[in-house]
Amino acid sequence: PTMRHNILIYDFQDQSRSKALDNLGQMAMKVGEGGGYVPMVPGIIASSPLADPWKNVVVEFDSPPPGEYLFMCTFQPAHYKTMNGKFIVE
């Protein structure tokens, strides 16, 4: 079985990475499918719509300043806990 996914890139600024991950993941759950599991909060650099299984989604955005950012899948149930990583701009 396959399921839907998305990607969200976030500038976690003065929060710890783990705190930002949990906070944003919880907010995404509250937004739900109607909002694409993407909360409207400051710091979101880019996000994709939900991608159906076996479909491609293209996300274009301007590169943020050099630094480390968080990327994650916010689709549920709680993908953000395991589907996340560092997005590094040099």
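Basis for what follows: all heavy atoms, side chains included, without hydrogens, waters or symmetry-related copies. Given the structure is predicted, the values throughout are model-derived calculations rather than measurements.
- In this structure, CE on Met72 lies 9.0 Å from CG on Asn6, to the nearest 0.5 angstrom.
- Here the side chains of Phe71 and Leu8 are not in contact, with every heavy-atom distance at 4.5 Å or above.
- In plain terms, the two heavy atoms of Ser47 and Val59 that are nearest each other are O-CG1, 3.9 Å.
- Each of Val31 and Phe12 belongs to its own hydrophobic cluster when Ile, Leu, Val, Met, Phe, Trp and Tyr are linked at side-chain heavy-atom distances under 4.5 angstrom.
- Inter-residue side-chain proximity for Tyr69 and Lys86 is flagged as unmet; no heavy-atom pair is nearer than 4.5 Å.
- Residues forming a salt bridge (Lys or Arg N to Asp or Glu O under 4.0 Å) with Glu60 (at least two apart in sequence, or on another chain): none.
- At least one donor-acceptor pair under 3.5 Å links the side chain of Thr74 to the backbone N or O of Tyr37.
- Going from atom SG of Cys73 over to atom CE of Met3 covers 9.5 Å, rounded to the nearest 0.5 Å.
- Side-chain contact between Tyr80 and Leu21 is present, with at least one heavy-atom pair separated by less than 4.5 Å.
- Two residues are said to be in side-chain contact when any heavy atoms from C-beta on lie closer than 4.5 Å; Leu24 and Val41 meet this criterion.
- Under the 4.5 Å side-chain heavy-atom criterion for grouping Ile, Leu, Val, Met, Phe, Trp and Tyr, Ile7 is not connected to Tyr10 through any hydrophobic cluster.
- Side-chain atoms of Pro53 and Arg4, non-hydrogen and from C-beta on, do get closer than 4.5 Å to each other.
- For Asn84, the side chain to side chain donor-acceptor pair (under 3.5 Å) partners at least two apart in sequence or on another chain are Arg17.
- Glu90 is listed as a side-chain neighbour of Ile88, based on a closest heavy-atom distance under 4.5 Å.
- The nearest pair of heavy atoms linking Pro64 to Val89 is O-CG1, 3.4 Å.
- Taking NE2 of His79 as the reference point, atom CE of Met29 lies at 12.0 Å (rounded to 0.5 Å).
- Note: Phe75 and His5 have perpendicular aromatic rings, judged against thresholds of 30 and 60 degrees for the angle between ring planes.
- In terms of heavy atoms, Gln15 sits closest to Ala20 at OE1-CA, 3.5 Å.
- For the side chain to side chain contact (heavy atoms under 4.5 Å, CB included) test with Asp11, the passing option among Ile45, Leu70, Ile44 is Ile45; the others fail.
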Handout entry: Check against side chain to side chain contact (heavy atoms under 4.5 Å, CB included), Ile9 and Phe61
Key = CA-CA 10 Å; Ile9 301 171; Phe61 59 96; 3.5 Å; yes
